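Note sheet for the following structure.
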Amino acid sequence: MDDQTRMLTGLTGLGGLSQPDVGDPDSVRKQQSLGQPQQDIGDILQQIMAITDESLDEAQARKHALNCHRMKPALFSVLCEIKEKTVLSIRGVQEEDPPDPQIMRLDNMLLAEGVSGPEKGGGSAAAAAAAAAAGGSPTDSSIEHSDYRAKLAQIRQIYHSELEKYEQACSEFTNHVMNLLREQSRTRPISPKEIERMVAIIHRKFSSIQMQLKQSTCEAVMILRSRFLDARRKRRNFNKQATEVLNEYFYSHLSNPYPSEEAKEELAKKCGITVSQVSNWFGNKRIRYKKNIGKFQEEANLYAVKTAVDAANVSAQASQANSPATPNSGLFFCYPQLYPQCIV
DNA sequence: CTTAATGATTGACG
DNA sequence: CGTCAATCATTAAG
């Protein structure tokens, strides 16, 4: 309590109330009852300043004495006058700071990660549903993420309890300061604007603490993500049927194995994977095929036969059987000059 | 355990 | 932005 009182004095000292030169305090105090106004005022000022160095009981008693002092109204008006003169310099210092971009970034990220924002009661169900919709095997993906979600919930809980603690401490402290200022406003002039300023200063201090909390929460989430959601660590091979569909498309479009967006979507739907997974697959397939065509020759023949059979089934135009065994493989995707070492 | 296969990521490039 | 090339990390096969 004593600390807070002292701290408050330090803060209110910003209010522009300059401390007059009162000389030696002890010598002044001895002449308290004498009628000299200068020394009387100096004495009262000294008492005001001394309040903070005393215990609470002493301070209360002294405050009461001050409030009942016969010179109090006069002193008060003098203080008001001094204040009037200095108030301009206060206004100049006042700055309106816009919302910190850093804290906005952190807020956005926490919101995006589901740490802040609305409670995630139905969120896990939605995530499970999304996983079920995206993957052909809903069990593994949801189980894979359950650990992640548990840890995220833990982070979430810590974050919220800490945040609440800070907010409570902030409002408690603000209330305390405001009460003290109001109390003091009976002795010295304190405008509501000054109280506002003080509150803003306190809030700034606390928000910087909050930013640290948000910062470390973000870091924790990033670490968690890199540990649990890095798909490379939880790789699952596509099922056989999906690989067949993809290979079928690849080898039947060997001269130009670049499926359009629509084709990718269709393939994705057929294989029960995402479009980006289709893109990854084709990217990998193209590069690995080109790197070593010989290795894929068998596979190429297999799917070439397959497509040939399909084509034959669809249209009985089997007469055009012009050796589909190695369909266009010599073209190297129409850029043979890029691979001079692969001469067929 | 070693190795090959494979899905995903990253950075450069046009 | 999509693709290539290199690389990572995991899975399957030996």
Side-chain angles (χ1 to χ4, degrees), chain A residues 105 108-109 112-114 127-128 130-152 218-307 326-344:
Chain A
R105 252 188 31 229
N108 285 339
M109 178 179 163
E113 296 299 333
S137 44
T139 50
D140 54 345
S141 54
S142 59
I143 286 170
E144 271 166 34
H145 291 346
S146 70
D147 204 8
Y148 169 77
R149 283 209 309 273
K151 296 262 197 233
L152 188 66
C218 278
E219 278 169 22
V221 171
M222 291 309 277
I223 290 167
L224 186 67
R225 273 183 79 88
S226 70
R227 170 113 25 113
F228 282 90
L229 286 192
D230 187 349
R232 285 191 295 198
R233 296 178 192 276
K234 297 272 182 196
R235 218 200 77 225
R236 286 284 113 99
N237 290 350
F238 298 153
N239 60 45
K240 208 160 174 159
Q241 183 249 338
T243 315
E244 293 234 335
V245 171
L246 294 167
N247 271 319
E248 222 166 278
Y249 187 98
F250 180 78
Y251 286 109
S252 64
H253 298 72
L254 201 51
S255 58
N256 186 32
Y258 297 88
S260 64
E261 191 59 32
E262 297 83 53
K264 279 181 190 170
E265 277 169 30
E266 181 147 353
L267 285 167
K269 197 185 267 183
K270 257 197 252 183
C271 300
I273 58 179
T274 67
V275 172
S276 58
Q277 281 179 307
V278 174
S279 297
N280 285 340
W281 190 91
F282 273 88
N284 283 322
K285 191 71 181 180
R286 282 190 298 260
I287 197 73
R288 282 162 185 167
Y289 180 84
K290 274 193 298 197
K291 249 181 170 167
N292 191 348
I293 289 179
K295 200 168 66 183
F296 289 92
Q297 201 60 64
E298 203 178 327
E299 195 176 64
N301 292 340
L302 191 92
Y303 284 99
V305 169
K306 210 176 220 157
T307 51
T326 51
N328 297 333
S329 58
L331 288 179
F332 301 100
F333 313 143
C334 306
Y335 297 106
Q337 70 279 10
L338 293 176
Y339 312 99
Q341 75 277 17
C342 300
I343 296 166
V344 193

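Since the structure is predicted, the reported quantities are computational estimates derived from the model, not experimental observations. Just so we're on the same page: letters track the sequence lines, and every chain starts at 1.
- The interatomic distance linking A:Lys290 (NZ) with C:dT3 (P) rounds to 11 Å, in whole Å.
- Each of A:Asn284 and A:Pro259 was assigned the nucleotide of DNA chain C with the nearest heavy atom; the assignment lying further toward the 5' end belongs to A:Pro259.
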From CA spacing to verdict: salt bridge (charged side-chain N to carboxylate O under 4.0 Å, His left out), A:Glu248, A:Lys270: CA-CA 12 Å; A:Glu248 222 166 278; A:Lys270 257 197 252 183; over 6 Å; no
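- Listed pair A:Arg236 / C:dT11 meets the phosphate criterion, a side-chain N or O lying under 4.0 Å from OP1 or OP2.
- The side chain to side chain donor-acceptor pair (under 3.5 Å) test applied to A:Glu244 returns A:Lys306, not counting sequence neighbours.
- A straight line from CG of A:Asn292 to P of C:dA6 spans 14 Å, rounded to a whole angstrom.
- Annotation: side-chain contact (heavy atoms from CB on, under 4.5 Å) contacts of A:Arg105 (sequence neighbours excluded): A:Gln102.
- Rounded to whole Å, atom C1' of C:dA12 lies 15 Å from atom CG of A:Asn239.
- Not a single side chain to side chain donor-acceptor pair (under 3.5 Å) links A:Asn284 to another residue, sequence neighbours left out.
- At whole-Å resolution of the value, CG in A:Leu267 and C1' in B:dG7 are 16 Å apart.
- Distances shown here put every side-chain N or O of A:Gln277 at or beyond 4.0 Å from the OP1 or OP2 atom of B:dG7.
- Distances shorter than 4.0 Å separate some side-chain N or O of A:Tyr258 from OP1 or OP2 on C:dC4.
- The minimum heavy-atom distance linking A:Gln277 with A:Ile273 is given by the pair OE1-CB, 3.1 Å.
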Which atoms of nucleotides 4-6 of chain B (N or O only) lie under 3.5 Å from a protein N or O atom, and what are those distances?
unit_1, atom_1, unit_2, atom_2, d
B:dT6, O2, A:Arg235, NH1, 2.7

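- Distances shown here put a side-chain N or O of A:Lys264 below 4.0 Å from the OP1 or OP2 atom of C:dT3.
- The CD1 atom of A:Ile287 sits 4 Å away from the P atom of C:dA5 (whole-angstrom rounding).
- Atom pair A:Asn280:CG and C:dA5:C1' shows a separation of 14 Å (rounding to whole Å applied).
- Among residues two or more places apart in sequence or in another chain, the side chain to side chain donor-acceptor pair (under 3.5 Å) test is passed with A:Ser276 by A:Thr274.
- A:Glu265 is linked by a salt bridge (charged side-chain N to carboxylate O under 4.0 Å, His left out) to nothing, counting only residues two or more places apart in sequence or in another chain.
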